[in-house]
Amino acid sequence: MNFRMMTAGALGLLLAGCTTTTGITRNAVEARWLGQPAGPFFAQFGPPISDVEAGGDTVYGWKGGYKTRKIPAEYEKTTDGKRGKRISAPRTEYLSCSVQLTVSSDYVIRAIRIVGDRKRPNGPTWCEEFLGGAKAE
């Protein structure tokens with residue numbers, strides 16, 4: 001009887017270890033939200049646009065962070081410090097962020113995957129800036 005209890009206990013610990021997060025993050029969004037309750041995420045950023053049951057977990061689709069950003073024209077600098085010829089025209093960026101959140105039955109975020117994002121040549125992506133709290137340059 002004791003052997004069965006010890007085996008069942010060991011199996012329970014093994015299974016509990018499978019449901020915890022690994023602690024390895026790849027970006028600021030994962031660093032901020034992995035292992036956190038999903039309620040504060042949806043309260044701060046708005047409700048999900050979809051949800052799908054996947055075993056004991058639920059995969060939520062979320063989209064938000066809509067912003068329009070004006071990018072000014074860039075010009076060469078001449079040797080005397082004046083503005084030279086135009087390198088790039090002014091433009092408008094339309095930003096948004098899309099993520100998939102895998103949430104366990106106890107409503108904890110177990111995985112968060114960025115699905116749609118706007119990359120920047122230097123600095124954080126728009127999702128990292130908006131959801132992860134990274135500061136823009």
Side-chain angles (χ1 to χ4, degrees):
M1 183 71 170
N2 283 338
F3 180 71
R4 287 184 188 170
M5 298 268 297
M6 288 175 44
T7 304
L11 183 59
L13 287 173
L14 181 66
L15 291 175
C18 292
T19 61
T20 59
T21 59
T22 61
I24 300 171
T25 58
R26 293 182 297 241
N27 58 49
V29 177
E30 288 180 351
R32 168 68 182 92
W33 291 105
L34 220 56
Q36 299 295 315
F41 179 91
F42 294 129
Q44 184 175 353
F45 300 114
I49 58 173
S50 66
D51 60 283
V52 176
E53 293 293 323
D57 296 337
T58 304
V59 178
Y60 292 100
W62 178 88
K63 186 170 185 174
Y66 300 102
K67 182 177 180 179
T68 301
R69 186 184 315 197
K70 304 279 184 189
I71 309 296
E74 292 182 45
Y75 295 90
E76 282 183 346
K77 295 272 189 210
T78 61
T79 54
D80 57 356
K82 295 184 180 178
R83 189 166 72 174
K85 73 176 191 173
R86 187 170 72 180
I87 298 171
S88 66
R91 63 188 187 281
T92 302
E93 286 184 332
Y94 300 98
L95 305 172
S96 68
C97 178
S98 299
V99 296
Q100 281 186 337
L101 296 108
T102 302
V103 177
S104 63
S105 60
D106 58 349
Y107 216 54
V108 173
I109 299 172
R110 298 295 178 197
I112 185 164
R113 183 171 70 93
I114 297 173
V115 179
D117 197 2
R118 175 70 64 152
K119 303 242 186 272
R120 293 176 47 196
N122 53 2
T125 67
W126 175 239
C127 282
E128 290 175 329
E129 186 178 329
F130 185 73
L131 297 175
K135 299 294 180 202
E137 290 183 359

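Residues L34 and I112 approach most closely at CD1-N, 3.9 Å, considering heavy atoms. Taking each heavy atom of A73 and P90 in turn, the nearest pair found is CB-CD, 3.6 Å. Between P124 and E128, the closest heavy-atom pair is CA-OE1, 3.5 Å. Across D117 and C127, no two heavy atoms sit closer than the pair OD1-N, 2.9 Å.
Proximity of a side-chain donor or acceptor of D57 to a complementary backbone N or O of T102 within less than 3.5 Å is not detected.
In this structure, the side chains of S96 and Y66 come closer than 4.5 Å at one or more pairs of heavy atoms. Using a 4.5 Å heavy-atom cutoff, the side chains of L95 and R69 are in contact. Residues W126 and C97 have side chains in contact (heavy-atom distance under 4.5 Å, counting atoms from C-beta outward).
In this structure, Q100 CD and S50 OG are separated by 7.5 Å, a value rounded to the nearest 0.5 Å. From I109, atom CD1 reaches atom CZ of R32 across 8.5 Å, with rounding to the nearest 0.5 Å. In this structure, the separation between CZ on R113 and CG on L101 is 11.0 Å, given to the nearest 0.5 Å. The CZ atom of R83 lies 9.0 Å from the NZ atom of K77; values are rounded to the nearest 0.5 Å.
With hydrophobic clusters built from ILVMFWY side chains whose heavy atoms lie under 4.5 angstrom apart, V59 does not share a cluster with V29. Taking hydrophobic clusters as Ile, Leu, Val, Met, Phe, Trp and Tyr residues chained together by side-chain heavy-atom distances below 4.5 Å, V99 shares a cluster with Y107.
Between F41 and W33, the two ring planes are perpendicular [angle over 60°; tilted spans 30° to 60°]. Between W62 and F45, the two ring planes are perpendicular [angle over 60°; tilted spans 30° to 60°].
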